[in-house]
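Have a look at the structure below, then the notes.
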Amino acid sequence: MTSSMTTPERARSRKAKPSIIASWLFAGTLLVPQLATAQDKGTLNPQPLPPLAHPEDPATPAKELFGRKSQPAKLETRTIGFYSKGCLAGAMALPINGATWQVMRLSRNRNWGHPNLVKFLERLAAQAPKTGWRGLLVGDMSQPRGGPMFTGHASHQVGLDADIWLTPMPNRELTREEREDMSATMVVREDRLDVDPQVWTPAHVNVIKAAAKDPQVARIFVNAAIKKALCRDAGSDRHWLNKVQPWWGHDYHFHVRLNCPSDNPECTPQPARPSDEGCSGKELDYWFSDAVLHPKPSPVPSKPRPGPRMADLPAACRQVLLAP
Ligand SMILES: [Zn+2]
């Protein structure tokens with residue numbers, strides 16, 4: 001079954017504000033939840049953005065600058081900064097087709113990452129069929145030089161984040177058009193309290209588990225109903241659940257975040273989670289609280305945010321932006 005996210009769902013997710021979760025959860029991340037928009041359709045004929053009149057103006061949002069770079073910076077490979085505030089030099093592209101993966105929404109040009117991320121996706125894709133999951137449909141990774149994006153994500157800025165659809169790869173090569181138009185599968189039940197039993201399968205558990213068990217994976221973000229289902233279905237091998245964290249959105253895809261590369265001192269690591277599985281207690285309960293499931297509509301519509309400027313990013317991101 002496939003369906004698109006409805007407008008009230010988006011609004012609800014956007015308006016949800018964290019209030020009672022322990023401080024580690026938000027340490028070093030943006031406070032306001034951002035939705036990854038796997039459901040936004042793409043186009044077969046993406047138009048280049050018009051040049052900026054004053055790109056050097058310090059008020060220019062960094063997404064306007066990074067969003068206009070269609071090729072990686074020809075510099076030594078390194079991730080610079082934090083997942084939600086940084087950039088990427090020397091990025092590598094994930095090929096759009098592999099034996100057991102296909103890249104979606106090609107018009108976005110977001111199949112770039114640190115080589116560690118590309119290798120991880122190839123490794124997970126190779127393992128997928130052994131878990132009962134035919135192959136990966138890969139959503140957004142990073143832009144060619146990382147950095148903030150126009151749409152969809154607060155993170156994915158340093159080439160270490162990737163979205164993987166909760167729809168297994170079909171048994172054939174998707175057309176360009178299908179890759180822009182197809183919707184991922186909604187696995188969360190309509191009341192948001194659990195997964196949809198018509199859709200959820202043991203293979204969903206297995207592919208997320210395989211990703212979480214990879215030693216390079218720091219964190220996996222999923223909808224809270226998915227975390228709840230994983231906790232229930234994991235059986236006796238449960239240590240990997242520690243890496244799986246509930247987050248807004250993520251009901252059509254799971255988001256994998258890798259550790260900083262070991263030779264990369266400019267990369268700021270993800271703060272550690274508590275050492276438990278996160279399957280009970282305050283952390284999981286929070287996500288099923290009334291405030292999260294049924295947030296009060298905000299009286300004033302929120303203004304669109306420009307996002308970080310170049311001065312807000314690590315200084316080295318300027319070189320990444322200006323490099324050939
Ligand atoms: Zn994501």
Side-chain angles (χ1 to χ4, degrees), residues 2 4 35-48 66-67 69-72 77 79 83 88 90-129 131 133-147 149-153 155-185 187 203-204 207-208 210-211 214 216-217 220-222 249-250 252-258:
T2 61
S4 290
L35 266 194
T37 50
Q39 298 305 299
D40 290 353
K41 293 189 192 324
T43 167
L44 283 176
N45 186 20
Q47 297 299 313
F66 282 96
K69 295 293 178 187
S70 59
Q71 293 296 323
T77 296
T79 66
Y83 302 89
L88 170 67
M92 189 177 176
L94 176 70
I96 62 167
N97 289 316
T100 48
W101 79 82
Q102 296 185 43
V103 176
M104 304 301 285
R105 302 291 189 266
L106 301 176
S107 60
R108 298 193 196 189
N109 194 27
R110 291 179 180 172
N111 57 321
W112 298 89
H114 188 280
N116 286 4
L117 183 65
V118 173
K119 282 182 226 150
F120 160 77
L121 289 165
E122 294 181 354
R123 197 158 63 232
L124 183 65
Q127 217 184 326
T131 72
W133 192 259
R134 194 182 296 115
L136 308 180
L137 294 181
V138 180
D140 285 354
M141 296 162 60
S142 287
Q143 302 180 120
R145 301 185 188 202
M149 296 178 184
F150 282 108
T151 53
H153 312 274
S155 66
H156 291 250
Q157 292 191 26
V158 294
L160 297 173
D161 293 285
D163 289 342
I164 300 172
W165 285 28
L166 286 164
T167 310
M169 192 186 88
N171 194 15
R172 63 187 172 85
E173 190 180 321
L174 294 167
T175 65
R176 292 283 169 139
E177 199 165 14
E178 285 172 315
R179 293 182 202 223
E180 302 296 343
D181 288 348
M182 203 176 125
S183 294
T185 311
V187 301
H204 285 84
V207 71
I208 297 172
D214 191 290
Q216 288 207 14
V217 169
I220 292 179
F221 299 98
V222 293
H250 301 94
Y252 297 82
H253 70 273
F254 64 105
H255 173 144
V256 180
R257 172 167 294 175
L258 298 194

Passes side chain to side chain contact (heavy atoms under 4.5 Å, CB included), T185 versus W165? Steps please.
CA-CA 8 Å; T185 311; W165 285 28; over 6 Å; no
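Here the side chains of R105 and E180 are in contact, with some heavy-atom distance below 4.5 Å. With a 4.5 Å cut-off on side-chain heavy atoms, M149 and R108 do not count as touching. In this structure, L137 and P170 have side chains that are in contact, with non-hydrogen atoms separated by less than 4.5 Å. The shortest side-chain heavy-atom distance between V103 and M141 does not fall under the 4.5 Å cut-off. Counting heavy atoms from C-beta on, the side chains of F254 and L166 come closer than 4.5 Å. Side-chain atoms of T100 and Q127, non-hydrogen and from C-beta on, never get closer than 4.5 Å to each other. The closest side-chain heavy-atom distance from M182 to M104 is below 4.5 Å. Side-chain atoms of L258 and H114, non-hydrogen and from C-beta on, never get closer than 4.5 Å to each other.
Distance CD/Q143 to CG/N111: 11.5 Å, rounded to 0.5 Å. For the atom pair L88 CG and T77 OG1, the distance stands at 7.5 Å (nearest 0.5 Å). Note that CE of M92 and CG of L94 are 8.5 Å apart. Values are rounded to the nearest 0.5 Å. Here CG of L124 is found 5.0 Å from CG of L136. Values are rounded to the nearest 0.5 Å. Separating the OG atom in S142 from the CG atom in N109 is a distance of 11.0 Å, to the nearest 0.5 Å. Atom CD1 in I220 sits 7.5 Å away from atom CD1 in I164 (nearest 0.5 Å).
The side-chain hydrogen bond (donor to acceptor under 3.5 Å, both in side chains) check on T79 picks up N264, with sequence neighbours excluded. Residues that satisfy the ring-ring contact (aromatic ring centres under 6.0 Å, His included) test with H204, not counting sequence neighbours, are W133, W200. Listed by chain and residue number, nothing satisfies the ring-ring contact (aromatic ring centres under 6.0 Å, His included) test with F66 (two or more places apart in sequence, or in another chain).
Checking side-chain atoms of R145 against main-chain N and O of Q71 turns up a donor-acceptor pair under 3.5 Å. In terms of modelled atom types and a separation under 3.5 Å, the side chain of W101 and the main chain of P95 share a donor-acceptor contact. Of the possible donor and acceptor atoms, none in the side chain of T167 sits under 3.5 Å from a partner among the backbone N and O of A184.
Checked for salt-bridge contact, K41 and D181 miss the test: no charged N lies under 4.0 Å from a carboxylate O.
Contact detail for P46 and S107: the closest heavy-atom pair is CG-CB, 3.9 Å. Residues N45 and T43 approach most closely at N-OG1, 3.0 Å, considering heavy atoms. When all heavy atoms are compared, the tightest approach of A125 to P129 is O-CD, 3.2 Å. Counting all heavy atoms, side chain and backbone alike, D161 lies closest to L117 at O-CD2, 3.4 Å. The heavy-atom pair separating A128 from G135 by the smallest distance is CB-CA, 4.3 Å. Between A91 and P144, the shortest heavy-atom contact is CB-O, 3.3 Å.
More than 12 heavy atoms of other residues, nucleotides or ligands shown are found within 6.0 angstrom of CD on E178. No more than 12 heavy atoms of other residues, nucleotides or ligands lie within 6.0 Å of CZ in R176, so this atom counts as exposed by the packing criterion.
Using bins of under 30°, 30° to 60° and over 60° for the plane-to-plane angle, the ring pair H255/H250 lands in the tilted bin.
Partner of Q102 under the side chain to side chain donor-acceptor pair (under 3.5 Å) criterion, out of E173, R172, R179: R179 alone.
For H156 and D163, the side-chain atoms include at least one donor-acceptor pair closer than 3.5 Å.
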